[in-house]
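Keep in mind that what you see is a predicted model, and the values were worked out from it rather than measured. Order of appearance sets the numbers: ligands from 1, and atoms from 1 within every ligand.
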Amino acid sequence: MSKKILIIGACGQIGSELTFKLRELYGDENVVASDISYSNLEIVNSGIFEIVDAQDYASVQTCVQKYNIDTVYLMAAMLSATGEKYPMKAWDLNMTSLFHVLNLARAKFIKKVFWPSSIAVFGSTTPTDYTPQYTIMEPSTVYGITKQVGERWCEYYHNKYDVDVRSLRYPGIISWKTLPGGGTTDYAVEIYHKAITDKFYDCFLKEDTKLPMMFMDDAIKATIDIMNAKKNDVKIKSSYNLAAISFTPKEVAESIKKHIPEFKITYNPDYRQTIANSWPKSINDSYARQDWKWKHKFALEDITTEMLKQLYKKYK
Ligand code: SER
């Protein structure tokens, strides 16, 4: 079992909730949160926090050695929409940070790595419904390219250097604690905020754009489950397909209207529509379900109820 954990990118949407959960499971003294800046004061002020530049090997290594870290969760990344604005920055951040962590594991400074991949590894030539684990992968975004290449490198480091790196292809993640930043699936979080503050949302995707999605609690559970699974049970060394539900903007709007009848939505698709069009509508994650017994819990109605409940409290 892990004793000393470092989360890189702990101020972000997933990193922050992962940090809270890991502190709860392993104790505040065994979990080091880190990020490039103090951008999430709740994380910074609630436990051990270090400034770490994921693109600087020495910065990561210094932190790993200072705290005798054995497990790293690398959650820093530039997502799909921002990546299209800054292609080279996305490439540099997403690849350099992964190599640094893989090389620290290869050099035996750390024992275990978690690195997230994404549904963005798929592209417009991939079968869109119930997308299999092994299929055509021609990603069209820089983000998707970095995730697909990263998967290949994870498997390579496992085969060549016996590095224990585990990975999941996250769908869009819905949560209320920390806002997502720069993703194509961000609409599914924004819509709940706007439903409460404005009773109105102008959606940047078309009403019938179906994408794979997951509630944060399920994503955190999957992440911790795969990290705690027996090494032999984690058979896929690149990255596992992972799924919960799929829905369209129209379906979320309808589920919100059950709670807020006056809620209105309009649709003004922008450049993110092209990205969404290239991604699967639903994912076949049967390997995760078989190999390490993955099971999701939250359906759309559960997510809507929980999101509105938590956000009402937040905005009060
Ligand atoms: N949520 C991510 C994005 O939209 C997909 O992994 O970029």
Could you give the side-chain donor-acceptor pairs of residues 115-125 under 3.5 Å, partners two or more places apart or in another chain?
unit_1: Ser117; atom_1: OG; unit_2: Glu151; atom_2: OE2; d: 2.7
unit_1: Ser118; atom_1: OG; unit_2: Ala120; atom_2: N; d: 2.8
unit_1: Thr125; atom_1: OG1; unit_2: Glu138; atom_2: OE1; d: 2.7

For this session: Measure from the ring center of Tyr271 to the ring center of Phe204 and say whether it is less than 6.0 Å.
Result: no
For this session: Any side-chain hydrogen bond (donor to acceptor under 3.5 Å, both in side chains) involving residues 43-54? Give me the pairs, sequence neighbours left out, ordered by first then second residue.
Result: Arg23-Ser46, Glu50-Lys66, Glu50-Tyr67
Exercise. Is the count of non-hydrogen atoms from other residues, nucleotides or ligands lying under 6.0 Å from Lys199 atom NZ greater than 12?
Worked result: yes
Problem set entry | Any residue meeting side chain to side chain donor-acceptor pair (under 3.5 Å) with Lys258, in chain and number order, not counting sequence neighbours | Glu301
Exercise. Can you pull the residues with any heavy atom under 4.0 Å from ligand 1?
Worked result: Leu79, Ser80, Ser118, Tyr143, Gly183, Thr184, Thr185, Trp279
Exercise. So, Asn30 side chain and Tyr26 main chain: donor-acceptor pair closer than 3.5 Å or not?
Worked result: yes
